[in-house]
Structure formats: structure tokens, C-alpha cells
Amino acid sequence: MDQARERAEELRSRIREHQYRYYVLDDPVISDLEFDRMFSELSQLEREFPDILVPDSPTQRVGGGISPGFASVAHSSPVLSLSNAFSQEEVRVFHRRVLEFARGEGPSYVIEPKIDGLSVILRYTEGLLSMGLTRGDGTTGEDVTANMKTVRSIPLSLRKPHGSVPSFLEVRGEVYLPKDDFAELNHQRDEAGLPVFANPRNAAAGSIRQLDPRVAAQRPLKALFYEIRDIRGEIPYPPTEEDSLILLKELGFPIPKHTFCDRIEALLSQIAVWEELRYQLPYDTDGVVIKVNRFGLGRSMGATAHSPRWQLAFKFPAEQVETRVRDIVVQVGRTGVLTPTAILDPVRVSGSTVSRATLHNEDIIKEKDIRIGDAVVLQKAGDVIPEIVTVLADKRTGSETEFRMPSLCPSCSSVVIRLPGEVAYRCVAASCPAQLRERLIHFASRQAMDIRGLGPAMVDLLIGQNLVSDAGDLYFLEAEDIQLLPRQGQKSAENLLKAIEASKVRPLSRLIFALGIRHVGQRAAWVLAEHFGTFQAFLGASPEELAEVEDVGPETVRSIVSSREQESMGRLLTKLKQAGLRALAENEERPATRQGPLAGKTFVVTGTFPGMTRGEVESAVVELGGKVSSAVSRKTYALVLGENPGSKLEKAISLGVRIMSPDEFIELSSSKEEEDEY
Ligand code: IVH
């Protein structure tokens, strides 16, 4: 037994050493096979003699069973984020500010890639990993210790660089999925018929937030650490960013590649170098982080509620790639609008593979002169929505064909019309199956009636069997109807009916939103619900009464009035009434919403967003528990910045209000998004 204990300890220390060489130093000295042999010898010993097992044994990465959920844990100090710069000028402004504080002494900077992963905090007590937390809302995070332990580049115990380990250590870093592994993971998921992840960040976040650590263990996650948040014991807090990185490495943490510089011109040219370098990095980056090296100087500059003033994230402009337009297809939306969409040769851009891009409307196609067969430049607007930037006209061969908007609806062959003053063509046939499909998907969506299990696939089945002609019919479905559908059994029928039944009681704003009236997005629906209080009052309101509602414009009023007059809407409302739908007063729902990730935060949204209306961004804020305001003030939590912003941007800068790009906003909101993934 003692012999076994001794041998196990020896193996552990060798395995740790080799893991350190592999993950931190990137300099392995033995083959994978030799490593595996050692590892399996250790596992076997520990199985044979369970008494010799220690919690930080390299074999202990995959913990026990499924945890019931993640406990919330308060952070010891706020976990801040970074303020963003998008131009050289902003970097110069930052530098000037640093100079003011440096008082004659030349500042120096450390530049690191901004790793596009999941921000995590680790705590080590007496050298042992005792807690792994997500950033959460910056004040409280989730305890994801079990999953964090499965990440092989995270040390379970600290090395002793100076003979001792800190009695307590808290570090911050980023868990990520390497680009290659991401591609492989998606390939496997695709083959297994599972949904693929949109990008490595989502895959990493989804994996760390998996309730079953065994699933997390199968994902080849890695981590990099860049900040010591707290260190106690004999080793003092390092005086500079550089020393901090060195110490992290000595303690056993993998650290990001980094460069140094001290003059503004050097800083700017290094940023340019990083911009090229990023494609060679094994992980996705959307920028670099510039940090004042000397903590003393940094601390004197202080922090806002959101970000330190001595660190800056420089966001790279969107990555642009070349691809080809294979075809332009036309999709019919919920309100009958025909949207042309480019089908592309699949390409990887800004972290995911893209095979289609919306072209919005005919005018845009004409303006950009996009033809079928064209080579085009593609980028993701706000790093999220794919868009065609330009056509590479000199690559034309003559075989390209111009796109023509169909004169008949591609779904129901009714004549399409273009309303005066509108760019969009629409199909106005009440019975158009494509519109019905979109209306039902919208009605059942999480933001509307939230009917679980009623996604696009189920909607297609129901329409295919002529079981529904509008959303009202959902409430009259029978178990037998559903069981007869392909791939549906008794259990799935029961579940779906239960979900439909549950949706009979929903807050009024959701019901109004679910109706799918043009111009009535989530925000308008919420405002209308607050104003009228009951479904009856909303339906009965005169145009004048509607116009009185704050933030409801004349277009919206016209749209509400005309949709109420439609026969199809009348039929739908009658069915909903017969089914016994009960709309709750708004205050019955608000507490739940207020708990969203944006609870208690006020946002101002400015500028235009490619592929999204400002209203949609605002609706997302409200849905996630936040508030929307039209003017920037000191109370504003953040300004979400679209393209061509107006004076609000200046106001925000002058008040020191945090400025968020659309993707940051999505990142902030995504703690909710991730909840029911995978
Ligand atoms: S420093 C006070 N360095 O980017 C903020 N952040 O908003 C300390 N990130 O979620 C962050 N790579 O998790 C820093 N090399 C790096 C980073 C990095 C990625 C993340 C961070 C945060 C976001 C910035």
C-alpha cells in the first residue's frame, strides 16, 4: 500500500510536469503514448487502492454525476469588463489620458489578444483549485467548478515557484475552444444529427454551462489566464502586468501571447501586426487588449463602474472574406414580405461558417448590383449578421445572371404587390402557407407564447397535414392528430398538448406580440399592454386612443387598425377566445422578467443595425429585463452603438457612459440565451 502510494505520487508529479510542459510551455518532451501509459498506470493504482486517491490527482478531472444546477456565488470584487475602441484616434485619446496620469514618466503597455471565449474566475485555497466561477453579471457568477476541472490546461493544484504556494489565489482568464476543435466538434455533431454551434465562443460557453461534467470533459476546451485578482501568503502581488503574467505561468497557468511597447506609434503599428497575426492564433480573437504595464499607474487612473480606465480593448474591423453567390432565393416572412436571400459557397468568417446572407430587398440588390454567380466580399456586421459588402465586378465571366423579384409569391403563387412608399414586395394572400408557417413559429416562439416543442419542424408537420390554418387552431388539436404525424409518439403528443395548454395563460404583452401585427414588436407590445391593461381594451381601442400611447407612432396605429379589420384576424381572435386564453396583467409577469440578465439596467440604442431594426434591439433589452430610454444620462448603463450614430455617442463619451457594440450587447444578453441550449 505504501509502495502504491509512493508510486502514485511519483506518477502524479510526472504527469503534472508533462501537462505543464504541454499546456503552458507548449514544449512536450514525451510522446502521447508514453503519457497515456503513465496516466493509465495511475488510474489503475487508484482504482486498486482507493485510499491513496487525492483530490488534485490528474485523474480527477471528471467529477461525479450531474449537478442539480449551478449555485450562484458572489464575486469577491466586481468582475469588470473593458471599454472598446474602434479607431486609431480612440487609442490616441486613451494614450493621452495615460500620459496625463504618468506625469512625465513614459508609460509602457502590454498588448494581448482579446480571446473570444468565456470569462472565468478560479480560486485556489492552499494551492488547490477550490472554485471555478463564470463571470455572470459581474457581481455574482455560477459555480462551475466540476466542469472547469475537466479543462486539462487548468491546473488542479498550483506549482510552487518560490518554494511556497499562495494561501489564497484568485485568477481570471478565458476558457475557449480551439478553432480546429470547433470545426471537428461541429462536424461530429452534424453527422450525429445534432444542432451545430454557431461559433467557438458559444460552444465553449455551452460546454462550461453543461450540467453534466462528463459532457464538458468530452469537449476539448482550453484556457488562458491573464489576471491575478487576489493573492495572499508569501508571494507578493506583482508590480506590473508583465510580472503578473510571469507569475501566472510559474504557478502553472497557460498565459496568452503578448507584446510590449511604450510609444504611441509603436502601439498603433503593433495593433496592426496583431490584426494579421490573429488568423494564426488557435483561438478566435476580435481585438487586442492594451494594458498599462505598471499597476501603480493603472490604479491611479481608476475605473468606471464597468471598466478600468487603464485598459482598453481595440476591436478589429470585421473580417472580410471572398465567396460566391450560388443563387438568390426569396423567402416569405410572417407579414408576407418577400426577402431575397443569397445562397453562398460556404465560407468561414469571424468565427462561423456562413452559407447565406440576407439581401434585405430588391433596391439593395440593384444598388450593389449583386448578380447570381458573382464573386463577392462578405463580412459579419457587428460580427454577427452576415452581409455582402461589395461585388468583385472584375471577376465576372459574363455567365452571371441578374436577379428579378418574382411577380408571384413563391409559396402560394398569389400576385405580390409593392405598397407605395415601401421597398418591400409582399404577398397579401391570407392563406399563404409560407406566411402561416412564419406566423405560427412567431406565435409559439420563446418571446411570444413560449410553446415548447413547437418549433419550425413541428409547424411544418402540422401545416403539411392541414391540421392548422392559424394559431387559434393549435388550441383545438387532439392527441390523435399529433400522434399520426411522422416521428411523433404518444409521449411527444402529450408534451406538446401540455405546452399548448400552458400557453393559455400568458402576460398580455406576449399575447399582443404573438399576434404578429406589423410594427408591433416586443417593446410596442409591452407599452400597449401597460397602457390598456386588458386584451379587450386593446382590441377595442380607437385609433385616437391608440395614438395617445407614448412611443406608438402613426404607422403602428395604422397597422393595428388595419390588422384588426382583417377577416383572418377576426377568426383567430374568436378561436383564441373560445379556447379560453387568459391574458395576465403586466404586473403579474414583470418580476420574472426583471430577473433577466439586464435587470435594473437602462440602455439607450442609437444608429442603424444591419439586418436588425433598432426596435428589435430595444425589444431584446426589455425582454431580458432591462429598460430602454431615448436619452443618454448618467443613469444610462450603456449605449448600444449601431452604424451612423448621432449626438448620443458624444453625450455618452462626455458622461463616461459605457459604449457597447452590438456583439457585446449580445454577449451580455447571452447568459439567458445559453440557458436552454444543447
Ligand atoms: S482584461 C477589467 N485581457 O474580454 C477587465 N480581458 O470586456 C479585465 N478578454 O469579458 C479583462 N481576452 O473576459 C482581458 N487578454 C484579455 C482578454 C480579456 C479576452 C475578455 C474578458 C472580458 C472581455 C472584455
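Ligands are counted one by one from 1 in listed order, and the atoms in each one are counted from 1 as well. For the numbers below, each heavy atom of this structure counts, side chains included, while hydrogens, waters and symmetry mates do not. No experiment lies behind these values; they were computed from the predicted model shown.
- Residues Lys179 and Asp181 are not paired through a salt bridge, judged by the lack of any N-O separation under 4.0 Å between the basic side chain and the carboxylate.
- Using a 4.0 Å cut-off to heavy atoms of Pro308, the atoms of ligand 1 that qualify are 2 (C).
- Of the protein's non-hydrogen atoms, Glu174 OE1, 2.7 Å is the one closest to atom 13 (O) of ligand 1.
- Here Arg209 pairs with Glu142 in a salt bridge; the nearest charged N to carboxylate O distance falls below 4.0 Å.
- Among Lys291, Lys114, Glu227, Arg135, the residue whose heavy atom lies nearest to atom 3 (N) of ligand 1 is Lys291.
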Determine whether Lys291 and Glu112 satisfy the following criterion, salt bridge (charged side-chain N to carboxylate O under 4.0 Å, His left out), listing intermediate values before the conclusion.
CA-CA 8 Å; Lys291 302 176 176 180; Glu112 294 165 11; 2.9 Å; yes
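- Every atom of ligand 1 with a heavy atom of Gln311 under 4.0 Å away is listed here by number and element: 1 (S), 2 (C), 5 (C), 8 (C).
- Using a 3.5 Å distance cut-off with no hydrogens or angles, the side chains of Ser81 and Arg658 do pair a donor with an acceptor.
- Of the protein's non-hydrogen atoms, Tyr226 CE2, 3.5 Å is the one closest to atom 17 (C) of ligand 1.
- Nearest-heavy-atom check against atom 19 (C) of ligand 1 across Ile115, Ile290, Ile121, Val110 picks out Ile115.
- Ligand 1 does not have Ala313 within reach: every non-hydrogen atom of the residue lies 4.0 Å or more from it.
- Using a 4.0 Å cutoff on heavy atoms, Arg172 counts as a contact of ligand 1.
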Start with the C-alpha distance between Lys627 and Phe603, add both sets of side-chain angles, then the distance that settles side chain to side chain contact (heavy atoms under 4.5 Å, CB included), and finish with yes or no.
CA-CA 6 Å; Lys627 273 206 226 154; Phe603 290 80; over 6 Å; no
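- Ion pairing between Glu234 and Lys160 fails under the 4.0 Å rule for side-chain N and carboxylate O.
- For Arg348 and Asp284, the salt-bridge test passes: some basic side-chain N is under 4.0 Å from an acidic carboxylate O.
- Atoms of ligand 1 lying under 4.0 Å from at least one heavy atom of Glu112, given by number and element, are 3 (N), 15 (N), 16 (C).
- How far CD1 of Ile208 is from CG of Asn147: 5.5 Å, rounded to the nearest 0.5 Å.
- Only the backbone of Pro113 comes within 4.0 Å of ligand 1, counting heavy atoms alone; no side-chain atom from C-beta on gets that close.
- Between Leu82 and ligand 1, at least one N/O pair is under 3.5 Å apart.
- Taking only nitrogen or oxygen atoms, main chain and side chain alike, Val289 does not reach within less than 3.5 Å of ligand 1.
- Geometric assessment of Arg159 against the ring of Tyr20 yields a positive cation-pi assignment under the 6.0 Å and 45° thresholds.
- Between Gly117 and ligand 1 there is no heavy-atom distance shorter than 4.0 Å.
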